[in-house]
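Values below: all heavy atoms of this structure, side chains included; hydrogens, waters and symmetry mates excluded.
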Amino acid sequence: LYNRALSEQEVADLYDLEKPEETNWADSSFEIVEGNFTWEEAKADAESRGGRLAVLDTQARINMAEAFLGGFSERPDTWIGLTDSESEGDWRWTTGQPLTASAWLEGEPNNADAGGENHAVIQGTLQPFDFAWNDINSRNLRAYLLEIPSLSLEEGLVAYYPFNGNAEDESGNSNHG
């Protein structure tokens with residue numbers, strides 16, 4: 001037992017100790033993170049939030065993302081975790097998996113930008129082909145589709161309560177310890 005308040009870093013370290021070795025993405029959920037991110041910034045930001053750029057590696061996952069995105073009357077173009085930056089034309093997810101199912105806009109990917117179009121976005125509601133994928137240059141600034149793994153009560157640190165310098169139960173239940 002600790003006789004002092006844990007620092008944020010100590011809480012983070014404890015959480016890291018409790019993380020499962022492999023994250024189960026099967027029941028993950030999505031969020032749109034608005035902002036102006038390059039693809040690399042979006043990837044780093046997603047990972048800092050405990051998630052990843054959305055990996056839509058099956059038709060079922062594509063349908064799930066489209067159902068989520070369809071709930072917004074307006075939404076921006078969003079980065080997803082798909083790139084061919086390692087080898088032109090060899091599209092892979094950030095997991096390293098090759099592309100097997102897709103929703104490319106007709107004629108895409110086309111690598112039309114002279115600087116290279118190596119990262120994928122899902123077009124937003126302001127585009128004529130809503131939900132279609134397009135390859136664009138990573139220096140473009142976009143929002144992104146964050147994929148978050150689902151957590152159960154058995155996985156990881158669920159919550160922590162700061163120690164306020166005393167052992168008094170502040171809930172009103174008189175459970176002082």
Side-chain angles (χ1 to χ4, degrees), residues 12 15-16 19-152 155-156 158:
Y15 180 79
D16 287 341
K19 276 186 182 175
E21 290 297 315
E22 279 293 317
T23 302
N24 182 355
W25 294 96
D27 297 318
S28 58
S29 60
F30 300 108
E31 285 182 23
I32 294 175
V33 177
E34 296 200 31
N36 294 309
F37 300 91
T38 65
W39 187 87
E40 290 84 2
E41 290 169 343
K43 181 178 181 294
D45 191 69
E47 290 168 358
S48 75
R49 295 171 185 256
R52 65 184 183 187
L53 287 177
V55 173
L56 310 178
D57 55 351
T58 65
Q59 189 60 51
R61 302 289 296 160
I62 293 169
N63 295 346
M64 195 168 127
E66 287 181 1
F68 168 76
L69 294 169
F72 296 88
S73 59
E74 290 186 15
R75 64 176 170 70
D77 293 355
T78 53
W79 292 116
I80 56 176
L82 185 61
T83 180
D84 75 343
S85 61
E86 293 293 317
S87 177
E88 184 59 37
D90 181 19
W91 287 90
R92 293 191 174 266
W93 296 102
T94 53
T95 60
Q97 297 168 271
L99 180 66
T100 56
S102 68
W104 291 113
L105 178 63
E106 187 176 335
E108 299 293 343
N110 62 10
N111 203 35
D113 186 329
E117 294 183 330
N118 297 320
H119 300 90
V121 295
I122 298 176
Q123 293 189 327
T125 53
L126 299 179
Q127 301 294 336
F129 300 99
D130 193 19
F131 300 123
W133 299 0
N134 188 14
D135 63 326
I136 66 173
N137 191 295
S138 71
R139 69 178 175 264
N140 286 289
L141 302 178
R142 299 286 188 268
Y144 70 88
L145 187 60
L146 172 66
E147 184 177 1
I148 305 164
S150 63
L151 296 176
S152 70
E155 296 174 348
V158 175

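Ring centers of Trp91 and Trp104: under 6.0 Å apart, within the cut-off.
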Enumerate donor-acceptor pairs with a distance under 3.5 Å from any side-chain N or O in residues 65-74 to protein atoms, sequence neighbours excluded.
none

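Atom CH2 of Trp39 is separated from atom OG1 of Thr94 by 6.0 Å, given to the nearest 0.5 angstrom. Distance check, rounded to the nearest 0.5 Å: CG of Asn118 to CD of Glu86 gives 10.0 Å. Note that CG of Asn111 and CD1 of Ile136 are 12.5 Å apart. Values are rounded to the nearest 0.5 Å. In this structure, CZ in Arg139 is found 11.5 Å from OG1 in Thr38, a value given to the nearest 0.5 Å. In this structure, CE on Met64 lies 7.0 Å from OG on Ser29, to the nearest 0.5 angstrom. Here the straight-line distance linking atom CZ of Arg92 with atom CG of Asp84 works out to 11.0 Å at 0.5 Å rounding.
Here the closest heavy-atom approach between residue Trp79 and residue Asn140 is recorded as CZ2-O, 3.2 Å. Counting all heavy atoms, side chain and backbone alike, Gly50 lies closest to Pro149 at O-CD, 3.4 Å. The heavy-atom pair separating Ile148 from Trp25 by the smallest distance is C-CZ3, 4.0 Å. For Ala112 against Glu117, the heavy-atom pair with the smallest separation is N-OE1, 2.9 Å. The nearest pair of heavy atoms linking Tyr144 to Ala42 is CD2-CB, 3.5 Å. Scanning all heavy atoms of the two residues, the minimum distance from Ala103 to Ile62 falls at CB-CG2, 4.3 Å.
The side-chain contact (heavy atoms from CB on, under 4.5 Å) check on Thr95 picks up Arg52, Val55, Trp93, Gln97, with sequence neighbours excluded. Considering only residues two or more places apart in sequence or on other chains, Glu31 meets the salt bridge (Lys or Arg N to Asp or Glu O under 4.0 Å) condition with none of them.
Between the side chain of Asp135 and the backbone N or O of Asn110, at least one donor-acceptor pair lies under 3.5 Å. Looking at Thr78, its side chain never comes within 3.5 Å of a backbone N or O of Ala143 through a donor-acceptor pair. A donor-acceptor contact shorter than 3.5 Å links the side chain of Arg75 to the backbone of Gln123. The backbone N or O of Gly116 lies less than 3.5 Å from a partner atom in the side chain of Asn137, making a donor-acceptor pair. Counting only distance, with no hydrogens or angles, the side chain of Thr100 and the backbone of Asp57 share a donor-acceptor pair below 3.5 Å.
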Apply side-chain contact (heavy atoms from CB on, under 4.5 Å) to Trp133 and Leu99, showing your working. CA-CA 13 Å; Trp133 299 0; Leu99 180 66; 4.0 Å; yes
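The side-chain heavy atoms of His119 and Ser85, taken from C-beta on, include a pair separated by under 4.5 Å.
A salt bridge (Lys or Arg N to Asp or Glu O under 4.0 Å) with Glu147 is found for exactly one of Arg61, Arg49, Lys43, namely Arg61.
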